[in-house]
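The next block holds one structure in the form of structure tokens; read it before the comments.
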Amino acid sequence: MNWRLRHWREAATLLLAAGTPARLPRSPFGPFDYEVLLLQRSSRSGFMPSAHVFPGGLVEPADFSADWLGLLPASPQCGLGLVKPAPVGSSRAPLFATEQGRLGSPLPREVAFRICAIRETFEEAGILLLVPGRGPAADSGPASPLPAERLPPTELSEWRRRVHEDAGCFLQLCRQLGCVPNIWALHEWSNWLTPVDRAGAGGRRYDTAFYVCCLGERPPHASQDEQEVTAILWSSPPEAIERFKSQEIWFPPPQFYEFCRLCNFSLLCELHKFSSDRALEGCERWMPVMLTASDGYIQLLPGDELYPEDPDYTGEKKIIMSTDKKIEDLMKEGSVFHRIVIKNINNLAVYVNIQAKYKHVNPLTINSDCSDYNSKL
């Protein structure tokens, strides 16, 4: 068994963007021509109840089933291509670096995590990201979900129920439809590990692969499952942040960070090109480390001058970082930032002035209040 699974579970999530006519925004960023899917978790959830999150969930053994190799292309990595070696001084995120053959499955981890994200998107929102035949898709443009006529509403609901009860039914559904999960439309984006101090009920922590998928058409019909998900929201990145700041919705710091990063792209074609061009660059695993100040918190990320050299990944060291200083003082004293400042649950800001790795892009700095530490950014 993978020793890391004693401390956290592996998961995958999807930033699903769909084209929409640009309209007057609720933010100073100007119009965006796409929206991103957010799902509201049930208030009964044991982890982040009532939060708005991207679709996704735990990786299941069925996602690693060798039977997928009978449906997908026989080429190496099932046609995904090989991720480039990590930059000097860095390493491939452990989530992807583990040799899956040692864990009893011949299916590459990059394939299985994408299958998980696509399966969970179907379970939670009823959206099927499939392509006919063995794939990959014929062109490299934005993807399309499975046409609604291929699976009538009553059958779709029944398959959602079955897949929710048994993840192995997703492969059966693909066989019946003569389709495969469109793993080639999902581009590796980031990897977040739940901080030790933010574990859910029972110490739940997740090592989560984040993917981006762009759909060229209007947002497809989505519906909550009334179990894990209680509401559906399509929103442009800046509008999601405005809703967050006005306390209409709440999402965790990683989602806030990623929305700030998406604000670099006002056009869907720009986001699709960027995510496609860096698809094989890989990413770094980030585990935020919490620093408690006298008037709030700072989540430190790798590269920040205060990020520990040897982070307590498992929580066994019981390390607590705290200071009597205020956030403003810490920001004025510092010079190398990669952090999320948290004044309260709806008052967050991301500060980054280090060079992004893996040919990625840094998030835009968006303040929830009038604080200004940008002179050093």
Side-chain angles (χ1 to χ4, degrees), residues 15 25-30 32 36 38 48 51-54 189-195 197-198 208 210 233 235-266 271 284 286-308 311 321-357 360-377:
L15 284 69
R26 297 172 50 184
S27 76
F29 285 88
F32 276 56
V36 177
L38 281 170
M48 297 187 295
H52 279 74
V53 297
F54 306 124
W189 188 256
S190 59
N191 174 206
W192 292 81
L193 176 62
T194 307
D197 61 313
R198 285 297 179 264
T208 305
F210 281 60
L233 175 65
S235 179
S236 71
E239 286 180 337
I241 292 173
E242 288 299 315
R243 286 189 169 100
F244 174 88
K245 289 162 58 178
S246 64
Q247 303 184 28
E248 291 179 41
I249 62 175
W250 178 80
F251 39 74
Q255 274 81 353
F256 183 87
Y257 185 105
E258 295 300 1
F259 270 125
C260 290
R261 182 142 62 177
L262 289 177
C263 282
N264 285 284
F265 310 97
S266 61
L271 175 60
E284 183 180 27
W286 290 344
M287 183 189 75
V289 172
M290 188 70 79
L291 169 61
T292 302
S294 63
D295 59 345
Y297 305 90
I298 298 178
Q299 281 197 352
L300 305 170
L301 295 167
D304 191 281
E305 63 185 9
L306 297 180
Y307 195 81
M321 294 182 64
S322 63
T323 178
D324 293 332
K325 296 180 180 179
K326 293 184 177 181
I327 290 175
E328 182 178 4
D329 296 328
L330 291 169
M331 295 298 296
K332 289 180 177 178
E333 294 172 1
S335 60
V336 181
F337 298 148
H338 190 199
R339 59 184 62 174
I340 304 173
V341 172
I342 305 174
K343 297 289 187 69
N344 58 58
I345 63 171
N346 283 90
N347 189 338
L348 275 62
V350 179
Y351 296 98
V352 189
N353 62 5
I354 63 172
Q355 179 66 42
K357 296 181 180 179
H360 222 313
V361 62
N362 284 332
L364 296 183
T365 297
I366 300 175
N367 290 321
S368 295
D369 57 16
C370 296
S371 300
D372 183 11
Y373 312 118
N374 291 320
S375 60
K376 298 183 180 181
L377 298 184

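Quick note: residue numbers are just sequence positions, from 1.
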Suppose we screen for side chain to side chain donor-acceptor pair (under 3.5 Å). Which residues come up paired with Glu258, at least two apart in sequence or across chains?
Trp189, Ser190, Trp192, Arg261
With a 3.5 Å distance limit and no angle check, can you tell me whether Gln255 reaches the backbone of Val53 through a side-chain donor-acceptor pair?
no
What distance separates Met287 CE from Thr194 OG1, expressed to the nearest 0.5 Å?
10.0 Å
Interatomic spacing from OH in Tyr297 to CD1 in Ile342 - rounded to 0.5 Å
9.0 Å
For Ala51 and Pro252 the tightest heavy-atom approach is CB-CD, 4.5 Å
Would you mind reporting whether Phe54 and Val36 have side-chain heavy atoms less than 4.5 Å apart?
yes
Please walk me through it: do Phe337 and Val352 pass side-chain contact (heavy atoms from CB on, under 4.5 Å)?
CA-CA 5 Å; Phe337 298 148; Val352 189; 5.9 Å; no
Distance, nearest 0.5 Å, that separates CE of Met321 from CG of Leu306
6.0 Å
Hey, could you give me the CD/CG distance between Gln299 and Asp304, rounded to the nearest 0.5 Å?
11.5 Å
Run the side-chain contact (heavy atoms from CB on, under 4.5 Å) check on Tyr351 and Thr365 step by step: do they pass?
CA-CA 6 Å; Tyr351 296 98; Thr365 297; 3.8 Å; yes
Assess the residue pair Val341 and Met331 against the criterion (side-chain contact (heavy atoms from CB on, under 4.5 Å)); give the C-alpha distance rounded to whole Å, side-chain angles, the decisive distance to 0.1 Å, and a yes or no.
CA-CA 9 Å; Val341 172; Met331 295 298 296; 4.0 Å; yes
Could you tell me which residues satisfy ring-ring contact (aromatic ring centres under 6.0 Å, His included) with Phe251, sequence neighbours excluded, listed by chain and number?
Phe244, Phe259
State, with a plain yes or no, whether a side-chain heavy atom of Glu248 is found less than 4.5 Å away from one of Glu242.
no
Between Asn191 and Thr208 (side chain of the first, backbone of the second, donor and acceptor by atom type, cut-off under 3.5 Å), is there such a pair?
yes
Donor-acceptor contact present, side-chain Ser294 to main-chain Lys325, <3.5 Å
yes
Just wondering, do Leu330 and Ile298 contact through their side chains at under 4.5 Å, heavy atoms?
yes
CG (Leu38) and OG (Ser235) are apart, to the nearest 0.5 Å, by 6.5 Å
Val350 versus Phe256: any side-chain heavy-atom pair under 4.5 Å?
yes
Determine whether Asn264 and Leu364 make a side-chain contact, defined as any pair of heavy atoms from C-beta on separated by less than 4.5 Å.
yes
Between Glu305 (side chain) and Ser335 (backbone), is there a donor-acceptor pair under 3.5 Å?
yes
Taking every non-hydrogen atom, the tightest pair across Pro253 and Leu348
CA-CD2, 3.9 Å
Sorted by chain and number, sequence neighbours left out, side-chain contact (heavy atoms from CB on, under 4.5 Å) with Asp295 holds for Ala293, Lys326, Ile327
Only counting residues at least two apart or in another chain, list the ones meeting side chain to side chain donor-acceptor pair (under 3.5 Å) with Gln247.
none
What are the two closest heavy atoms between Cys263 and Phe32, and how far apart are they?
O-CZ, 3.8 Å
Partners of Asn362 by side chain to side chain donor-acceptor pair (under 3.5 Å), sequence neighbours excluded?
none
Could you pull out all residues at least two apart from Tyr257 that satisfy side chain to side chain donor-acceptor pair (under 3.5 Å)?
His338
Main-chain N/O of His52 paired to Trp250 side chain as donor or acceptor, under 3.5 Å:
no
Smallest separation among heavy atoms of Pro254 and Phe210, with atom names:
CB-CZ, 4.5 Å
Do Leu233 and Arg243 have side chains that get closer than 4.5 Å, going by heavy atoms?
yes
Output the distance between atom CD1 (Ile340) and atom CG (Leu300), rounded to the nearest 0.5 Å.
10.0 Å
Backbone N/O of Ser322 and side chain of Thr292: donor-acceptor pair under 3.5 Å
no
Taking the side chain as every heavy atom from C-beta outward, state whether Met290 and Pro195 have any pair of such atoms under 4.5 Å apart.
no
Correct closest heavy-atom pair for Val336 and Gly303 would be CG1-O, 3.4 Å
Salt bridge (charged side-chain N to carboxylate O under 4.0 Å, His left out) involving Lys357 - partner list, sequence neighbours excluded
Glu284
Lys245 and Asn346, any side-chain heavy atoms less than 4.5 Å apart:
no
